[in-house]
J.: 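The following block contains the structure, expressed as structure tokens.
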Amino acid sequence: MSTITETGGESSARKMRRRINPTSIEFLDADILCIIFSFLDLFDLVHCTVVCNSWYAVIKRLKLLQASCRKMHQLGSDFPSSSTSAAEIDVEDFAMKHHKMALLRGRIGIERWEAHSHRVSQCRMKKGLLLTGVGDKVMRLWSLKSYKCMEEYSLPDAASLIDFDFDESKIVGLVGTRISIWRRSGQRSIFPSREGTIPKGLCMRYIDPEAVVGCEDGTARVFDMYSKTCSQIIRTHGGPITCLSLSENQRFLSGSSLGRVTVSDPLMDQPVATLKSTITAGGIQTICFNQGTNLAFTGTTGGYVSCWDLRKMGRLWEKRVSPNVVYSIQQLQNDSSVMVAGGIDGVLRVIDQKSGRVLSGYIMDDKASTTSRRDNQPVIEKRRGKRVFQDIEIDKIERKVRPQISCLAVGMKKIVTAHSGKIISVWKFNI
């Protein structure tokens with residue numbers, strides 16, 4: 001069976017597995033296990049079948065999986081039928097279907113807090129952690145479980161933070177004209193590149209050991225993070241590079257304000273291919289790449305979202321999903337079904353990857369409640385999310401329930417949004 005990488009936090013099954021001593025699992029009475037498992041949904045039951053043989057045997061003997069499958073199959077035909085055995089379920093494929101159903105049919109709870117004192121316009125999410133920044137002089141790393149600020153990273157000088165990303169061991173940021181690296185473990189240190197290496201960088205992405213910076217002059221600069229040198233300069237566009245996306249085969253995609261997407265190889269000084277959008281679509285504002293399907297998705301200043309097949313180097317579809325700028329598009333890793341888009345109109349949209357059709361749209365409810373601050377937690381404002389129809393007149397909806405979405409990150413059954421203000425929002429979708 002496949003292994004699921006859950007970006008947004010721990011499932012109930014994982015928490016259970018962590019809390020129970022592995023040596024005592026086989027001694028738990030089947031009746032006790034049955035009671036415990038009866039509180040789990042289908043998604044967590046599938047996880048439990050791969051924990052150990054005794055758990056699998058109990059779930060199979062008591063037909064818990066079949067009963068849960070029957071309920072979920074009634075909600076969506078994509079789910080396994082009640083005759084499906086645990087061994088026949090592809091865990092990863094099942095998780096993606098569960099994620100999609102949660103986004104389309106789940107109850108929406110929103111938790112918001114003031115993440116920065118001045119402004120925050122960017123966010124990145126990985127393995128239950130959230131990194132926020134751009135707008136003031138710090139980046140903050142948050143726990144998505146407790147909403148506590150785990151670490152704070154100050155900028156090395158008066159230069160502005162432009163873009164950033166992170167992994168298990170470090171944070172990489174584009175600060176002014178330099179790449180800077182903050183170590184997460186042990187003593188925190190900053191390793192800046194040489195001053196002036198990058199003229200007016202606008203965006204940055206990295207896959208070890210290289211970072212790629214998109215510049216205002218239309219060049220993409222490939223940067224070796226460990227030798228602190230620029231290894232390649234590629235002329236990709238005739239105008240500013242506004243967004244980047246890197247693939248695991250070392251090629252990278254770049255979008256420009258002129259409405260073009262280029263595919264480049266760090267070993268070559270010219271793009272491998274250039275993909276052109278329609279004249280009316282506008283400049284490319286955001287781009288993301290699906291490693292599993294070799295499809296790239298772009299959002300534009302004209303509100304269009306496009307899908308590009310990188311095997312044929314051509315456009316599959318182009319749809320106008322918003323009357324205004326689309327600032328951010330993301331999908332869950334390994335998900336080939338849906339993606340999420342957000343922009344200046346403040347509507348969070350779930351889009352079908354195959355057709356470009358908007359499946360659902362969301363805004364916030366105007367009623368809010370707050371929780372008191374404790375244990376270094378920020379004050380959390382709680383709201384409900386509301387679904388909106390695609391043909392609704394957006395301008396007639398109050399701005400306070402649809403703040404501009406400057407950036408978003410997608411996890412399992414959750415979406416994090418930044419709004420170019422002080423607030424970060426976490427949207428949770430529960431079936």
Side-chain angles (χ1 to χ4, degrees), residues 8 108-125 129-144 147-155 160-166 173-175 202-203 242-243 285-286 299 301 303 322-330 340-349 361-373 376-386 388 394-411 414-428:
I108 310 165
I110 305 170
E111 296 176 327
R112 315 177 74 220
W113 73 96
E114 186 175 304
H116 290 254
S117 59
H118 178 53
R119 185 173 68 89
V120 53
S121 61
Q122 297 288 326
C123 60
R124 306 284 183 265
M125 177 168 53
L129 296 174
L130 177 71
L131 186 64
T132 61
V134 180
D136 56 16
K137 296 299 180 181
V138 297
M139 291 178 288
R140 293 195 170 106
L141 188 67
W142 304 86
S143 164
L144 282 173
Y147 299 135
K148 289 183 180 179
C149 181
M150 311 295 288
E151 296 286 349
E152 187 172 284
Y153 304 91
S154 300
L155 302 190
S160 298
L161 178 65
I162 299 167
D163 206 349
F164 61 85
D165 207 344
F166 77 109
L174 175 59
V175 183
L202 300 179
C203 51
T242 52
C243 51
Q285 192 70 32
T286 180
T301 55
S322 169
N324 304 106
V325 182
V326 176
Y327 280 132
S328 188
I329 298 175
Q330 293 293 329
V340 182
I344 199 169
D345 67 2
V347 179
L348 199 61
R349 292 178 173 89
Y362 310 105
I363 59 174
M364 299 179 186
D365 192 271
D366 57 357
K367 298 178 182 178
S369 62
T370 58
T371 59
S372 58
R373 182 195 301 264
N376 297 320
Q377 285 181 309
V379 175
I380 305 298
E381 177 190 274
K382 294 187 176 183
R383 296 186 182 218
R384 292 289 185 186
K386 298 197 304 184
V388 294
I394 301 298
D395 292 340
K396 293 184 178 181
I397 302 175
E398 289 184 276
R399 250 313 187 180
K400 66 179 182 179
V401 299
R402 53 178 188 92
Q404 169 182 302
I405 299 172
S406 58
C407 185
L408 62 86
V410 179
K414 62 164 60 71
I415 300 167
V416 178
T417 54
H419 307 279
S420 287
K422 301 177 181 180
I423 303 295
I424 287 289
S425 304
V426 179
W427 305 61
K428 296 182 178 181

J.: Can you tell me how far apart CG (Asp395) and CG (Asp345) are? Round to the nearest 0.5 Å.
T.: 9.0 Å
J.: Return the minimal non-hydrogen interatomic distance between Pro323 and Arg349, and the atom names on each side.
T.: CD-NH2, 4.2 Å
J.: In a check of side-chain hydrogen bond (donor to acceptor under 3.5 Å, both in side chains) between Asp136 and each of Arg119, His118, His116, which one passes?
T.: His116
J.: If we check side-chain contact (heavy atoms from CB on, under 4.5 Å) with Trp142, which of these qualifies: Leu129, Leu131, Thr132?
T.: Thr132
J.: Can you check side-chain contact (heavy atoms from CB on, under 4.5 Å) on Tyr147 and Val426, steps first, answer last?
T.: CA-CA 10 Å; Tyr147 299 135; Val426 179; 3.9 Å; yes
J.: So, using side chain to side chain contact (heavy atoms under 4.5 Å, CB included) as the criterion, who are the partners of Thr286 when residues are at least two apart?
T.: Val326, Ile329
J.: With sequence neighbours left out, what residues match Arg124 under side-chain hydrogen bond (donor to acceptor under 3.5 Å, both in side chains)?
T.: Gln122, Asp163
J.: Using 0.5 Å steps for rounding, measure from the NZ atom of Lys414 to the NZ atom of Lys428.
T.: 6.0 Å
J.: With sequence neighbours left out, what residues match Glu114 under side chain to side chain contact (heavy atoms under 4.5 Å, CB included)?
T.: Lys422, Ile423
J.: Report the distance from atom CD of Glu151 to atom CG of Leu141, rounding to the nearest 0.5 Å.
T.: 7.0 Å
J.: Distance-only, no hydrogens or angles: does the Ser328 side chain make a donor-acceptor pair with backbone N or O of Leu408 under 3.5 Å?
T.: yes
J.: In chain order, what residues pass the side chain to side chain contact (heavy atoms under 4.5 Å, CB included) check against Ile344, with sequence neighbours excluded?
T.: Asn324, Val325, Tyr327, Arg399, Gln404
J.: Look up atom CD1 in Ile110 and atom CE in Met364, then write down how far apart they are to the nearest 0.5 Å.
T.: 5.0 Å
J.: Among Glu111, Glu381, Arg383, His419, find the residue that satisfies the side-chain hydrogen bond (donor to acceptor under 3.5 Å, both in side chains) test when tested with Ser425.
T.: His419
J.: If you look at every heavy atom in Cys123 and Ala409, which pair is closest and at what distance?
T.: SG-N, 4.2 Å
J.: Do side-chain atoms of Arg402 reach the backbone of Ile394 as a donor and acceptor pair under 3.5 angstrom?
T.: yes
J.: Listed by chain and number, what are the side chain to side chain contact (heavy atoms under 4.5 Å, CB included) partners of Ser143, not counting sequence neighbours?
T.: Lys145, Ser146, Met150
J.: Ignoring hydrogens, what is the shortest heavy-atom contact between Val379 and Trp113? Give both atom names and the distance.
T.: O-CB, 3.6 Å
J.: Is there a side-chain contact between Gln330 and Val340 (heavy atoms, below 4.5 Å)?
T.: no
J.: Can you tell me how far the OG atom of Ser369 sits from the CD1 atom of Ile380, to the nearest 0.5 Å?
T.: 11.0 Å
J.: To the nearest 0.5 angstrom, please state how far the CG atom of Asp366 sits from the CD1 atom of Ile397.
T.: 11.5 Å
J.: With sequence neighbours excluded, what pairs up with Lys137 under the salt bridge (charged side-chain N to carboxylate O under 4.0 Å, His left out) test?
T.: none
J.: So, for Leu202 and Leu174, which heavy atoms are closest and what is the spacing to 0.1 Å?
T.: N-CD2, 4.3 Å
J.: Can you name the nearest heavy-atom pair linking Ile424 to Ala418, along with the distance?
T.: CD1-CB, 3.8 Å
J.: Please find the pair of heavy atoms, one from Ser406 and one from Ser121, that lie closest to each other, and give the distance.
T.: OG-O, 3.0 Å
